[in-house]
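Residue indices begin at 1 and follow the sequence shown.
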Amino acid sequence: MKPLQTYLLAAFAAVSFGSAAADYKVESPSGKITAEIQNGPELSWTVSYGGREVLSRSPLSLTLGDGTVWGRDARVSKAVKTSVNKVIDTPFCQSSTMDENYNGLTLKMKGGWSVEFRAYDDGVAYRFISDVRKPFEVVSEQAEFNFPSDFTATVPYVRGGREGDMESQFFNSFENQYTVTPLSGLNPRRLAFLPLAVDAGDGINAAVTESDLRDYPGLYLYNPDGTNSLKGMQAPYPAKTADGGYNNIQGIVTERAPYIAKVDAPRTFPWRVLVLGKDTEIAATNLSYLLAEPSRIADTSWIRPGKVAWEWWNDYNITGVDFEAGHNTPTYKHYIDFAADNGIEYVILDDGWAAGKGEDLFILNPEIDLEEIISYADGKGVGIILWAGLRAFERDLEKVCEHYSKMGVKGFKVDFEDRDDQLMTAFNHRAAETAARYKLVLDLHGAYKPAGINRTWPNVLNMEGVNGLENMKWTELKDFDIIKYDVTIPYLRQIAGPVDYTQGAMVNATRKNFRPVNCQPMAPGTRCHQLALYMVLYSPLNMLCDSPTNYRREQECTDFIADVPTVWDETVVLDGKMGEYIVTARRKGNDWWIGGVTDWTPRELSIDLSPLKINGAAEMTLFTDGANSHRNGNDYRRQEMTLDPSKPLKVKLAPGGGFAAHIK
């Protein structure tokens, strides 16, 4: 590991309190990214990359309940510069360690508040800090991103809600495909959730996201006036909530307060992050993790990442057994047997193990003998994770965690959150803390992006906030082109943290042949596209979405999937272009795993392996699209060969195709 080098350079300037603007600057360690801060009548910042402006003067402020505005006519009492260069340990991540190297600037203001800026070589960020000890409310936050030209934006609009009715849009699943349009062409009546990206020209993208989102509402962006500007908006504080929504297990906001957040003690606020770089650099960023609060769990040795055999997507569609499959004990024993036979760490009991609609997690489905299932799984080295609807889990949080941890359950998949207001983000941190006390892992489904929670609470192994494969059980390709989506999310959604995408389909269809089928689902694209997603996407708790029957029939592919790690020692994005294709290499120990996927355009790739620093010849297992995979998505070719890493790896990808490699 590198030696820790943390320098507090100085409190370098106590400025006058006159009306003249005071300007400050912070540069990234390499000098290629610069943030300039203007403190005049309004506090604002500009950002340049390689000497070229990529973010024009953009104001930032917080308006408090008493009318005070942090960021208007602010008086700087001290400006403090810092420089940090160290390596941090990062368990359960895309790499076992991360370089944390940045230059920082904190402007301490009269009135008990500050603004902190950090410049990394792959982006910049700022956050507000409060030292106020008495309670107050934040009425609104001004977070604007003004661009110097009418750049092209790639945004995920909120799906659902009524156009122009922002309140109805605050209740959403954070799932949608991406819309690509000039900034001026964005729908002024539709919110976009984060992360999103703006093409800043010259091959540089500016991706906007946030980190350290806890006990504060998530940020949405929209363009209300057809300019080159994105403006922030957040859900007001829920004054009242009630049961409702899907199966009455969601928390529905019935009344909002006239503010977005309550603040009871000194605190830091979420980081507003601008990731900058080429497409592959954006996809490789760790800023969301680095900016989050460090782990609150002292001993993480009990946290077990791994893969999960999952019954919901394949609708319990198993054959060749002497019982009727469904929500019953024999079915789950069958899934446990499959998991044990293939070294799969977990089985999820999704919606249906609890009686009724899951409103009460202490009343079991009479067809389920949960104690027998847990005991059976434990004897085979398989952990059980239980699905839980939000409202039922929230209502009895402590009791549920205590009761089921004593039974031997290893974690919960909490579903149907569909909000990111202050109450919801606070709940997820409270749920993670409670679960950690009982040594339970969490998968937060139907939720917003991770935004750093996986660092603060590493028992949160996965989060959704992604329009994953589950949606293809009922969606036509004309309504959602998931293949195009697959080559976009590594550059956007995934920069915010792990993704509960639920890949692994063993029935694969061409664009022409795909159709949604609920009980016998298939996936668009090729078999190798599905295999590659286990490397392209990062999920410490990673699903095998298909049925044991299909996996046993396709044992060669199943063996590959079962061998793929879910946490890594090193990650390198070797090649790619947002919205077109990506090639990602991940290392565990001495082995490299490489996955590449393309959109519907067939490609011939020549991949430079020199960044992997493989010394000498190595053995490689390579899965590539078959000669007829353009007609039948199930067609693939498996090869064992000796690899010369000094030469490019050449592969052909079919439409909607991919490749997967294991280098030993």
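- Heavy-atom neighbours of Glu398 CD from other residues, nucleotides or ligands within 6.0 Å: above the threshold of 12.
- Note that CE of Met543 is 8.0 Å distant from CG of Asp350, once rounded to the nearest 0.5 Å.
- A donor-acceptor contact shorter than 3.5 Å links the side chain of Gln530 to the backbone of Ala505.
- Annotation: side chain of Leu230 is in contact with side chain of Leu186 (closest heavy-atom distance under 4.5 Å).
- Shown here for Asn459 and Ala435, the closest heavy-atom pair between the two residues is ND2-CB, 3.8 Å.
- Residues Ile344 and Val382 fail the side-chain proximity criterion, which asks for heavy atoms closer than 4.5 Å.
- Side-chain N or O atoms of Glu210 include none that pairs as donor or acceptor with a backbone N or O of Trp271 at under 3.5 Å.
- When only modelled atom types and interatomic distance are considered, Asn428 and Tyr448 share a side-chain donor-acceptor pair under 3.5 Å.
- Judged by distance alone, the side chain of Tyr237 and the main-chain N or O of Pro217 form no donor-acceptor pair under 3.5 Å.
- Looking at Phe92 and Asn454, their side chains never come closer than 4.5 Å, going by heavy atoms from C-beta outward.
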I would like to know whether Tyr222 and Arg190 meet side chain to side chain contact (heavy atoms under 4.5 Å, CB included); could you show each step before the answer?
CA-CA 7 Å; Tyr222 75 124; Arg190 180 65 64 181; over 6 Å; no
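- By the 30° and 60° cut-offs, the orientation of the rings of Phe412 relative to Phe393 is tilted.
- The aromatic rings of Phe362 and Tyr404 sit parallel, their planes meeting at an angle under 30°, below the 60° perpendicular limit.
- Considering only heavy atoms from C-beta on, Glu470 comes within 4.5 Å of Glu175 through its side chain.
- For the side chain to side chain contact (heavy atoms under 4.5 Å, CB included) test with Lys413, the passing option among Ile348, Val308, Asn462 is Ile348; the others fail.
- For the pair Phe427/Leu423, no side-chain contact is recorded, criterion being any heavy-atom separation below 4.5 Å from C-beta on.
- The distance from the CG atom of Asp360 to the CD1 atom of Ile249 is 12.5 Å, given to the nearest 0.5 Å.
- Interatomic distance, CG of Asn172 versus CG of Leu191, reported as 8.5 Å (0.5 Å rounding).
- With hydrogens and angles left out, the side-chain atoms of Glu141 and Tyr216 include a donor and acceptor closer than 3.5 Å.
- For the pair Arg272 and Phe145, the cation-pi criterion (under 6.0 Å, within 45° of the ring axis) is not fulfilled.
- The closest donor-acceptor contact from the side chain of Thr90 to the backbone of Ser96 lies under 3.5 Å.
- What you find for Trp302 and Leu440 is that their closest heavy atoms are CZ3-N, 3.4 Å.
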Side-chain polar contacts of residues 351-359 - donor-acceptor pairs under 3.5 angstrom, sequence neighbours left out - could you list them?
unit_1 : atom_1 : unit_2 : atom_2 : d
Trp353 : NE1    : Trp387 : O      : 2.7
Glu359 : OE1    : Lys357 : N      : 2.9

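- Ile374 and Val409 get closest at one heavy-atom pair: CD1-CG2, 3.6 Å.
- When all heavy atoms of Lys307 and Ala562 are compared, the closest pair comes out as NZ-O, 3.2 Å.
- The backbone N or O of Arg430 sits less than 3.5 Å from a side-chain atom of Thr434, completing a donor-acceptor pair.
- Under the 4.0 Å criterion applied to side-chain N and carboxylate O atoms, Arg162 and Asp165 are assigned as salt-bridge partners.
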Steps toward side chain to side chain contact (heavy atoms under 4.5 Å, CB included) verdict (Val69, Gln142):
CA-CA 10 Å; Val69 180; Gln142 184 183 29; over 6 Å; no
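- No hydrogens or angles considered: nothing links the side chains of His429 and Glu293 as a donor-acceptor pair under 3.5 Å.
- Taking each heavy atom of Pro450 and Met463 in turn, the nearest pair found is CA-SD, 3.2 Å.
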List the steps, then state whether side chain to side chain contact (heavy atoms under 4.5 Å, CB included) holds for Arg419 with Phe170.
CA-CA 6 Å; Arg419 294 169 21 223; Phe170 291 138; over 6 Å; no
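- The aromatic ring centroids of Tyr376 and Tyr332 lie 6.0 Å or more from each other.
- Distance check: Leu60 CG to Trp70 CH2 gives 13.0 Å after rounding to the nearest 0.5 Å.
- Under a 3.5 Å cut-off, the side chain of Thr68 and the backbone N or O of Leu64 do not form any donor-acceptor pair.
- Taking the centre of each ring, Tyr485 and Phe480 come in below the 6.0 Å mark.
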Derivation of the side chain to side chain contact (heavy atoms under 4.5 Å, CB included) call for Tyr178 and Arg493:
CA-CA 10 Å; Tyr178 290 93; Arg493 163 60 184 85; 3.7 Å; yes
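- Taking the charged nitrogens against the carboxylate oxygens, Arg391 and Glu394 do have a contact shorter than 4.0 Å, which makes a salt bridge.
- Glu255 CD: more than 12 foreign heavy atoms inside a 6.0 Å radius.
- For the pair Glu311 (side chain) and Tyr316 (backbone), a donor-acceptor distance under 3.5 Å is absent.
- Without hydrogens or angle criteria, Asn328 side chain to Thr331 main chain gives a donor-acceptor distance under 3.5 Å.
- Checking side-chain atoms of Thr566 against main-chain N and O of Pro540 turns up a donor-acceptor pair under 3.5 Å.
- Looking at Gln494 and Ile489, their side chains never come closer than 4.5 Å, going by heavy atoms from C-beta outward.
- Side-chain contact between Leu213 and Pro270: present, with at least one pair of heavy atoms (C-beta onward) separated by less than 4.5 Å.
- Within the 4.5 Å cutoff, the side chain of Val347 has no heavy atoms near those of the Lys380 side chain.
- With rounding to the nearest 0.5 Å, the separation of OG1 in Thr285 from CG in Leu290 is 7.5 Å.
- The main-chain N or O of Asp215 is found under 3.5 Å from a side-chain atom of Thr425 such that the two form a donor-acceptor pair.
- No side-chain donor from either of Asn314 and Tyr551 sits under 3.5 Å from a side-chain acceptor of the other.
- Contact detail for Leu196 and Leu492: the closest heavy-atom pair is C-CD2, 3.8 Å.
- The ring of Phe136 has its center no closer than 6.0 angstrom to the ring center of Trp113.
- Salt bridge annotation for Arg256-Asp421: present, with a cationic side-chain nitrogen under 4.0 angstrom from a carboxylate oxygen.
- Every residue two or more places apart in sequence or in another chain was checked for a salt bridge (charged side-chain N to carboxylate O under 4.0 Å, His left out) with Glu476, and none qualifies.
- Annotation: the span from Lys410 atom NZ to Lys439 atom NZ amounts to 11.0 Å, rounded to 0.5 Å.
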